[in-house]
Chemist: 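So that we are looking at the same thing, I have put the structure below in structure tokens.
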Amino acid sequence: HNATYDVPPAFSRIGTLGGLIGYDAKCIGAAFSLTTVGQVSGPIEYEAGAAVFILLERNAPNLDQLNQVRDSVKQSVLYTRQNELYAKWFDNLVKSSEIKNYVEEAAGDDQAR
């Protein structure tokens, strides 16, 4: 059918497919929905056209790499959750507080002196 095709290097769910597709969530989702080698996806429309995926190989994740970064990822997630909780607490504190603004009053007193 004179269609162009590309065989990208291995990619992850958070990676890019390169070429015209780049990072398109629908395309990456379709690629990762394939489970057996040789399986073909239906046409997936994206911004620059349409694509069909054929699963050539599926690589298992390297658990050694995960184990090396596990503690830093865990700490990062904990830090993010703590920040979110603090932000919610502070927003609630501001919303439930009675705040009075005396800036104009104080500025008027300084001009009067």
Chemist: Drop me the distance from Asp91's CG to Ser96's OG, to the nearest 0.5 angstrom.
Modeler: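 These two atoms lie 10.5 Å from each other.
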Chemist: Could you tell me whether Gln39 atom CD has more than 12 heavy atoms of other residues or ligands within 6.0 Å of it?
Modeler: yes
Chemist: Could you tell me the separation between the CG atom of Leu93 and the CD1 atom of Ile99, rounded to the nearest 0.5 Å?
Modeler: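 Output value for this atom pair is 8.0 Å.
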Chemist: How long is the gap from OG on Ser41 to CZ on Phe32, to the nearest 0.5 Å?
Modeler: 13.5 Å
Chemist: Linking I/L/V/M/F/W/Y whenever any side-chain heavy atoms sit under 4.5 Å apart, do Val77 and Val69 land together?
Modeler: yes
Chemist: Between Lys26 (side chain) and Glu45 (backbone), is there a donor-acceptor pair under 3.5 Å?
Modeler: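 Yes; judged by distance alone, with no hydrogens or angles, the pair exists.
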Chemist: How long is the gap from CD on Glu57 to CG on Asn59, to the nearest 0.5 Å?
Modeler: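 CG of Asn59 is found 4.5 Å from CD of Glu57.
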Chemist: Distance check, rounded to the nearest 0.5 Å: Arg58 atom CZ versus Thr35 atom OG1?
Modeler: 7.0 Å
Chemist: Measure the shortest side-chain to side-chain distance between Ser33 and Phe53 over non-hydrogen atoms and say whether it is less than 4.5 angstrom.
Modeler: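 Answer no - side chains too far apart.
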Chemist: Supply the atom-to-atom distance Tyr79 OH to Glu84 CD, rounded to the nearest 0.5 angstrom.
Modeler: 12.0 Å
Chemist: Using only atom types and a distance under 3.5 Å, with no angle test, would you say the side chain of Asn92 pairs donor to acceptor with the backbone of Lys88?
Modeler: no
Chemist: Please state whether the rings of Trp89 and Tyr86 are parallel, tilted or perpendicular, taking 30° and 60° as the class boundaries.
Modeler: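 Because their plane-to-plane angle lies in the 30° to 60° range, the rings of Trp89 and Tyr86 count as tilted.
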Chemist: Spell out, yes or no, whether Leu56 and Val40 are grouped together once hydrophobic residues are joined by side-chain heavy atoms under 4.5 Å, including indirect joins.
Modeler: yes
